[in-house]
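Proteins get letters first, then strands, A, B, ... in listed order; numbering begins at 1 in each.
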Number of protein chains: 2
Amino acid sequence: MPSPRPRTRIQQRNSETILAAALDIFSQQGFRGATLDQIADLAGLSKPNLLYYFPSKEAIHTALLTDLLDVWLQPLRDLDPAGDPLAEILTYVRRKLDMSRDMPRESRLFANEVLQGAPRIEATMTGDLAALVEEKAGVIHAWVTAGHIAPVHPKHLIFSIWALTQHYADFDVQVRAVLGPQEPDPYPDAAQHLETMFIKMLKV
Amino acid sequence: MPSPRPRTRIQQRNSETILAAALDIFSQQGFRGATLDQIADLAGLSKPNLLYYFPSKEAIHTALLTDLLDVWLQPLRDLDPAGDPLAEILTYVRRKLDMSRDMPRESRLFANEVLQGAPRIEATMTGDLAALVEEKAGVIHAWVTAGHIAPVHPKHLIFSIWALTQHYADFDVQVRAVLGPQEPDPYPDAAQHLETMFIKMLKV
DNA sequence: TAGCGTTATGACCAGACGGTAAAATTCTTA
DNA sequence: TAAGAATTTTACCGTCTGGTCATAACGCTA
């Protein structure tokens, strides 16, 4: 569920400012690495003032994660059982890659959390997430059975899509270090590469 | 370069114990999330005793990372330009996946570091790592040009291998949450999935 | 513009943390 | 086995950090 809506204009504005700053800091430093002072500084507020809007550091982090999970899984929810199988999967890949490009901080926030054992979203992982994947894996399995795409392990296909697309956000510094400064934007090549890859993998 | 060799038996044993404990803690909590007390407890030493063997928390972390990088890149170094192209790449994938299975803590240690901007291994990233990938990308490019494997962007192929294999270590809790308790070992299916995937991708 | 609820600030606290100093203990070897 | 080196422990320090509290400033509306 998304964070409760603030009631006044000032609350609205400051809550957003805080969450934006917190996303910056948490995604770069992890939960324990981030400090309230850093977040407050970046938000242009004093620490006590920040704690006027959120009861604790934990609460800010939780608010970010809960808001994020909704957005994060939307592309998978949108996978349409009635659509063209290959096109549906390619669209999913494309949208996930676009999210890595446009929301790298969100990707890293999520990665940080999962890396450290997902202590704060364990329930969602084994609940909503597992159920959603179960459902969509069923869709993919049906496509395979019907001969619309090549045989593939549905859940591992989904893992592959997550891994390949999120890698460009989570390991951004490594990607850029390897490509060198003359290749400032990895994404066009990545998109091309992934599209080719999944077509070869899934075409019957 | 690897950590300097300890001189006495006790130093040997305790250094190893400390590094083993530190790997556990750092890989699970990140650098700032880990505390010397945690590491000392797990190693069965007092904190000052621990600091008798390593001058600082930073030094322990650096020792781990430097030792690791050597091991981590070995499979890529072993990619043989004279070998059979498809077999070479499949072996590389296989070895990286085995490393995720057998050294998940090392994978997460590395992931934590890169996620947070790789502040402590920036030099290696843009130096040795970039050079190694440049060299091996050349090998792959030559294989493509010679028509031994299907056309592919060499560096993004390498990224794909990293992403797909390390995902199983770094996002382990998510993988297990999605697969559910009746599927306790993801690796056999993952190995099968990845092999099929890369064969389809690379076969001419 | 007075009054009241909302928002912001400064001073502060308790605990955690990385690290140090020096004394005490254990180990090695001459 | 005694001396000296290596190892371990006890007590401690300064700083950082999440969070509190009382007070002050602000801003809306009657």
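- The distance from atom CZ of B/F54 to atom P of C/dG19 is 13 Å, rounded to the nearest whole Å.
- When heavy atoms are screened at a 4.0 angstrom cut-off, B/A34 is found touching the sugar-phosphate backbone but no base atom.
- Among the heavy atoms of the strands lying under 4.0 Å from B/L36 are primed sugar atoms or P, OP1, OP2 only; no base atom is included.
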Show your reasoning for whether side chain to side chain contact (heavy atoms under 4.5 Å, CB included) applies to B/I121 and B/L129.
-> CA-CA 10 Å; B/I121 50 173; B/L129 173 66; over 6 Å; no

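- D/dA5 atom C1' lies 11 Å from atom CD1 of B/I10, rounded to whole Å.
- As rounded to whole Å, 14 Å separates atom P of D/dT20 from atom NZ of A/K57.
- B/R9 has no side-chain polar atom (N or O) that falls below the 4.0 Å cut-off from OP1 or OP2 of C/dC27.
- Here B/R32 reaches the OP1 or OP2 of D/dT17: one of its side-chain N or O atoms lies under 4.0 Å away.
- A/T66 is not listed as a side-chain neighbour of A/T124, based on a closest heavy-atom distance of 4.5 Å or more.
- A/N14 has a side-chain polar atom (N or O) that falls below the 4.0 Å cut-off from OP1 or OP2 of C/dA8.
- Atom P of nucleotide C/dC12 and atom CG of A/L51 are separated by 19 Å, given to the nearest angstrom.
- Toward the 5′ end of DNA chain C lies the nearest nucleotide of A/Y52, the other residue of the pair A/K47 and A/Y52 mapping further downstream.
- Look at CG on A/L50: it is 15 Å from P on C/dG10, rounded to the nearest Å.
- Residues B/I89 and B/I161 are in side-chain contact: their nearest non-hydrogen atoms beyond the backbone lie under 4.5 Å apart.
- Of the two residues near DNA chain C, A/P48 and B/P55, the one whose nearest nucleotide lies more 5' is A/P48.
- Atom pair B/I39:CD1 and C/dA16:P shows a separation of 17 Å (rounding to whole Å applied).
- Ion pairing between a basic and an acidic side chain is recognised when a charged N comes within 4.0 Å of a carboxylate O; A/D98 and A/R101 show such pairing.
- Within 6.0 Å of CZ in B/R94 there are 12 or fewer heavy atoms belonging to other residues, nucleotides or ligands.
- In terms of phosphate contacts, B/S46 brings a side-chain nitrogen or oxygen within less than 4.0 Å of OP1 or OP2 of D/dT9.
- OP1 or OP2 of C/dG10 has not a single side-chain nitrogen or oxygen of A/N49 nearer than 4.0 Å.
- Spacing between atom CG of A/L45 and atom P of D/dA25 amounts to 19 Å, rounded to whole angstrom units.
- At the phosphate of D/dT7, OP1 or OP2 sits under 4.0 Å from a side-chain N or O atom of B/Q11.
- Summarising the geometry, the separation between CD on B/Q38 and C1' on C/dG18 is reported as 13 Å, rounded to the nearest angstrom.
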